[in-house]
Amino acid sequence: MKFKAIFSVLLLGFICYACGSDEQKSKSDKPRNILGEKVYKRNCLACHGLDGKAKTNGALDITESTLELDERILLIKNGRKTMTPFKSMLSEKEIKAVAEYTFTLK
Ligand code: HEC
């Protein structure tokens with residue numbers, strides 16, 4: 001009987017431990033666009049600033065942009081007015097990542 005009690009306590013402890021670590025896991029699994037952020041900081045910062053609001057060189061405030069994801073991808077690829085075309089500088093994957101990143105700017 002005593003053994004069973006100890007076993008239950010251990011089992012309970014294990015279940016709690018499992019829950020706890022599961023919660024932690026889902027927290028760190030929160031998608032964070034690391035590639036997009038890196039590409040943004042390297043290529044877009046100069047005109048758009050860290051928060052996307054700078055309007056250096058005639059740039060627009062990205063946080064006020066109404067463009068959809070695919071429109072942003074096209075814009076980043078081809079450039080517009082003084083905005084540099086990034087087609088030959090960034091990969092498809094990098095362009096998509098940075099376009100998605102621009103939606104996280106506030
Ligand atoms: C040399 C300066 C410059 C750089 C570097 C630059 N941009 Fe721009 N960006 C501009 C300008 C200028 C405009 C406005 C174009 C216009 O008026 O038609 C603009 C517009 C935009 C817009 C559209 C806003 C809208 O609603 O029309 C987005 C989104 C954007 N840029 C994202 C980026 C991203 C992402 C990068 C980096 C990959 C980047 N830009 C790099 C100058 C720049």
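Ligands are counted one by one from 1 in listed order, and the atoms in each one are counted from 1 as well. Heavy-atom basis, side chains included; hydrogens, waters and symmetry copies ignored.
- Near Arg80, the atoms of ligand 1 lying under 4.0 angstrom from a non-hydrogen atom of the residue are 15 (C), 16 (C), 18 (O), 27 (O).
- Within His48, the N, O or S atom at minimum distance from atom 8 (Fe) of ligand 1 carries the name NE2.
- Not a single side chain to side chain donor-acceptor pair (under 3.5 Å) links Thr104 to another residue, sequence neighbours left out.
- Using a cut-off of 4.0 Å between Lys/Arg side-chain N and Asp/Glu carboxylate O, Lys96 and Glu92 are scored as not salt-bridged.
- Taking a cut-off of under 4.0 Å to the non-hydrogen atoms of Ile76, the atoms of ligand 1 that pass are 35 (C), 38 (C).
- Short contacts between ligand 1 and Ser65, defined as distances under 4.0 Å to a heavy atom of the residue, involve ligand atoms 24 (C), 25 (C), 26 (O).
- Between Lys41 and Leu50, some side-chain heavy-atom pair lies under the 4.5 Å cut-off.
- For the pair Lys87 and Asn78, the minimum side-chain heavy-atom distance is below 4.5 Å.
- A salt bridge between Glu64 and Lys53 is absent, with no side-chain N of the basic residue lying under 4.0 Å from a carboxylate O of the acidic one.
- The heavy atom nearest to atom 17 (O) of ligand 1, out of those in Lys81, Glu100, Met83, is found in Lys81.
- In terms of protein heavy-atom proximity, atom 29 (C) of ligand 1 is nearest to Leu75 CD2, 3.8 Å.
- At a heavy-atom distance under 4.0 Å, atoms from both the backbone and the side chain of Thr82 approach ligand 1.
- What sits closest to atom 5 (C) of ligand 1 on the protein, heavy atoms only, is Asn43 O, 3.3 Å.
- With a 6.0 Å cutoff to the six-membered ring centre and a 45° limit on the axis angle, Arg72 counts as a cation-pi contact of Phe103.
- Taking the charged nitrogens against the carboxylate oxygens, Glu94 and Lys38 have no contact shorter than 4.0 Å, which rules out a salt bridge.
- Of the candidates Ala46, Gly52, Cys47, Cys47 brings a heavy atom nearest to atom 4 (C) of ligand 1.
- Listed by number with element, the atoms of ligand 1 under 4.0 Å from a non-hydrogen atom of Thr102 are 35 (C).
- Ligand-side atoms of ligand 1 in range of Asn57: 12 (C), range being under 4.0 angstrom from any heavy atom.
- Taking 2.8 Å as the criterion, Cys44 does not count as a coordinating residue of atom 8 (Fe) of ligand 1, since none of its N, O or S atoms falls below it.
- Nearest to atom 32 (C) of ligand 1 among the protein's heavy atoms is Ile62 CD1, 3.6 Å.
- Those atoms of ligand 1 that come under 4.0 Å of a heavy atom in Thr84, given as number and element, are 1 (C), 5 (C).
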